[in-house]
There are 2 protein chains.
Amino acid sequence: MPAANTPDGGSKATKGGETPTRREQLLTIAARLFADKGFRNTTVRDIADEAGILSGSLYHHFDSKESMVDEILSTFQEELFGQYDEILASGDDARTKLERAVRVSFEAIDRYPSEVAIFQNDADYLGTFERFGYLADRNMQSRQVWITLIEEGVRTGVLRADLDVTLTYRFIRDTIWVAVRWYRPGRGLSHTDIADQYVRILLDGIAVSGG
Amino acid sequence: MPAANTPDGGSKATKGGETPTRREQLLTIAARLFADKGFRNTTVRDIADEAGILSGSLYHHFDSKESMVDEILSTFQEELFGQYDEILASGDDARTKLERAVRVSFEAIDRYPSEVAIFQNDADYLGTFERFGYLADRNMQSRQVWITLIEEGVRTGVLRADLDVTLTYRFIRDTIWVAVRWYRPGRGLSHTDIADQYVRILLDGIAVSGG
DNA sequence: GTCTATAAGATGATAGAC
DNA sequence: GTCTATCATCTTATAGAC
């Protein structure tokens, strides 16, 4: 079941430099609020207030609050997983693939902070509705990406053979995505700087070698 | 301002093997629900239902929903920070102190999974009320513990001198506490096993040395 | 210590005017 | 595309009976 809700005929999210439609403006506002306060703790009145309209008017654009978050999340996920697929299909060695996957993930936090935050905070709750079944699918898909990369690394001798693959996957996943809690695009370290340092710590640790 | 709400004269939480009071039973139920669904998404009716009473009856035991979460969080934090203080005051070398702090934290996740989850998910929101000002204080205190340990490690030559101390602190903090999302006491790896593997990855990385 | 009953406000959503 | 007006439901919390 596709997530889109586009009576105008199928416009996606804001890509390129085109002027955003009213629908897109409203989704941007909703995404920021959902990210800041959580989906259930954001009221349709909150969204309408920020948009300068009344809550009832929102229902001219969207069926329901759920339709809004559905459109926000599904658009983002398509893009991210397209990039993971590209990395998996590439001919790079295991270490390079792992590094690329880390960098692409931090880039996603930079470009889609609200979407990432919503997924991190509300996916479990939303996943209880059939409509959002694709969230659990994406979770499994992401897990498969990382497990594949880690196992390839161990097999080709670039990663330690004694690693607990599942635990390593969790550590990598958690450390990357939880950064959405403190990373602010345009302030402090850039997402590429953070990815550099993270890759270094992940691969070589924080201790002095041979210590 | 103390957080306790103890008309009975000051009983703490359930320690040792004593039979829990009705008050403690209700707090245990509330803590699990707050952890699972979030503070704002747990209704007093949810808590009362699980306890087998009506929502109004809860107000015989507690002033408000906020008093409940206050008592849950403050009791837990006293214990955890007592352990950090002990480590800081010890004569151990920097590497040992860092390892001990990691282990104590994973042990806290094991013993107080609900409390940790509530703090992770709802501290930002609760912190907006004066009553919960101590949460921000504890956050700063925790930051100071880790920063101190990392800086001591760098100074004494056991940690790499090129580390970004703040970023390293965030990575350590995030990776540890986010484990509360998937760790389940008594299932899978024990908290000591997880701490072992985590310390190894943190200090030495996942790559083969000299790779 | 729990129940009955209820207040006062917030919430997602709808129907129809402009 | 937005507003007026409103509904049915859920929310935290209270007062007093048992």
Side-chain angles (χ1 to χ4, degrees), chain A residues 3 5-9 11 14 19-31 33-34 36-73 118 122 125-126 128-132, chain B residues 3 5-9 11 14 19-31 33-34 36-73 118 122 125-126 128-132:
Chain A
N5 178 340
T6 51
D8 59 16
S11 74
T14 317
T19 317
T21 64
R22 185 76 174 125
R23 176 188 197 75
E24 288 164 351
Q25 290 173 4
L26 294 172
L27 282 181
T28 301
I29 290 168
L33 287 169
F34 290 156
D36 285 353
K37 318 179 16 160
F39 175 71
R40 279 181 289 184
N41 299 311
T42 302
T43 70
V44 292
R45 283 175 175 77
D46 290 335
I47 302 167
D49 282 354
E50 289 248 334
I53 59 178
L54 291 185
S55 63
S57 306
L58 274 179
Y59 290 84
H60 174 72
H61 302 276
F62 305 96
D63 286 54
S64 65
K65 207 173 108 173
E66 283 182 13
S67 290
M68 301 186 78
V69 77
D70 192 350
E71 192 164 335
I72 289 164
L73 287 177
I118 297 166
D122 293 312
Y125 165 71
L126 293 172
T128 60
F129 303 100
E130 317 88 72
R131 169 175 205 165
F132 293 98
Chain B
N5 179 340
T6 49
D8 59 16
S11 74
T14 317
T19 316
T21 64
R22 185 71 174 130
R23 175 187 198 76
E24 288 165 349
Q25 290 174 4
L26 293 172
L27 281 180
T28 301
I29 290 169
L33 287 169
F34 291 156
D36 285 354
K37 319 182 13 163
F39 175 71
R40 280 181 289 185
N41 299 313
T42 302
T43 70
V44 291
R45 281 191 231 282
D46 290 335
I47 301 167
D49 282 354
E50 289 248 336
I53 59 179
L54 291 185
S55 63
S57 306
L58 274 179
Y59 290 84
H60 173 72
H61 302 275
F62 305 96
D63 285 49
S64 65
K65 209 174 107 173
E66 284 182 14
S67 290
M68 300 185 79
V69 78
D70 192 349
E71 192 164 337
I72 290 164
L73 287 177
I118 296 167
D122 293 313
Y125 165 71
L126 293 173
T128 61
F129 304 100
E130 317 89 71
R131 170 176 204 164
F132 294 98

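A note on names: the letters A, B, ... follow the listed sequences, proteins ahead of strands, and every chain is numbered from 1. Note that the coordinates shown come from a computational prediction; the quantities given were computed from them, not determined experimentally.
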Report summary line: Nucleotide by nucleotide, nucleotides 9-14 of chain C touches protein heavy atoms under 4.0 Å in the pattern (B base, S sugar-phosphate only, - none) --BBBB

**Report entry** Residues that E50(B) engages under side chain to side chain donor-acceptor pair (under 3.5 Å), provided they are two or more places apart
**Finding:** R32(B)

Query raised in the report: Can you name the side chain to side chain donor-acceptor pair (under 3.5 Å) partners of S57(B), sequence neighbours left out?
Result: none

Report task. Would you indicate whether the side-chain heavy atoms of L73(A) and D122(A) approach each other to under 4.5 Å? Result -> no

Query raised in the report: Residues in side chain to side chain contact (heavy atoms under 4.5 Å, CB included) with A31(A), at least two apart?
Result: I72(A), S114(A), I118(A)

Query raised in the report: First and last nucleotide of DNA chain D touching chain A, 5' to 3', heavy-atom cut-off 4.0 Å?
Result: dG1(D) to dT4(D)

Report task. Enter the distance from D70(A):CG to L126(A):CG here, rounded to the nearest 0.5 Å. Result -> 9.0 Å

Query raised in the report: How is L54(B) classified with respect to the nucleic acid when contacts are heavy atoms under 4.0 Å: base, sugar-phosphate, or nothing?
Result: base

Report summary line: Here the gap from K65(A) atom NZ to T43(A) atom OG1, rounded to the nearest 0.5 Å, amounts to 7.0 Å

Query - Set of salt bridge (Lys or Arg N to Asp or Glu O under 4.0 Å) partners for D46(B), sequence neighbours left out - result: K37(B)

Query raised in the report: Hey, what bend do you get for the helix from dG1(C)-dC18(D) to dC18(C)-dG1(D) if you fit axes on five pairs at each end, rounded to 10°?
Result: 10°

Report task. Kindly write out the residues that satisfy side chain to side chain donor-acceptor pair (under 3.5 Å) with R40(A), not counting sequence neighbours, or none if the list is empty. Result -> none

Query - Residue list, ring pair (Phe, Tyr, Trp, His ring centres under 6.0 Å) with Y125(B), at least two apart or on another chain - result: F129(B)

Query raised in the report: Residues two or more places apart in sequence or in another chain: which of them pass side chain to side chain donor-acceptor pair (under 3.5 Å) with R22(A)?
Result: Q25(A)

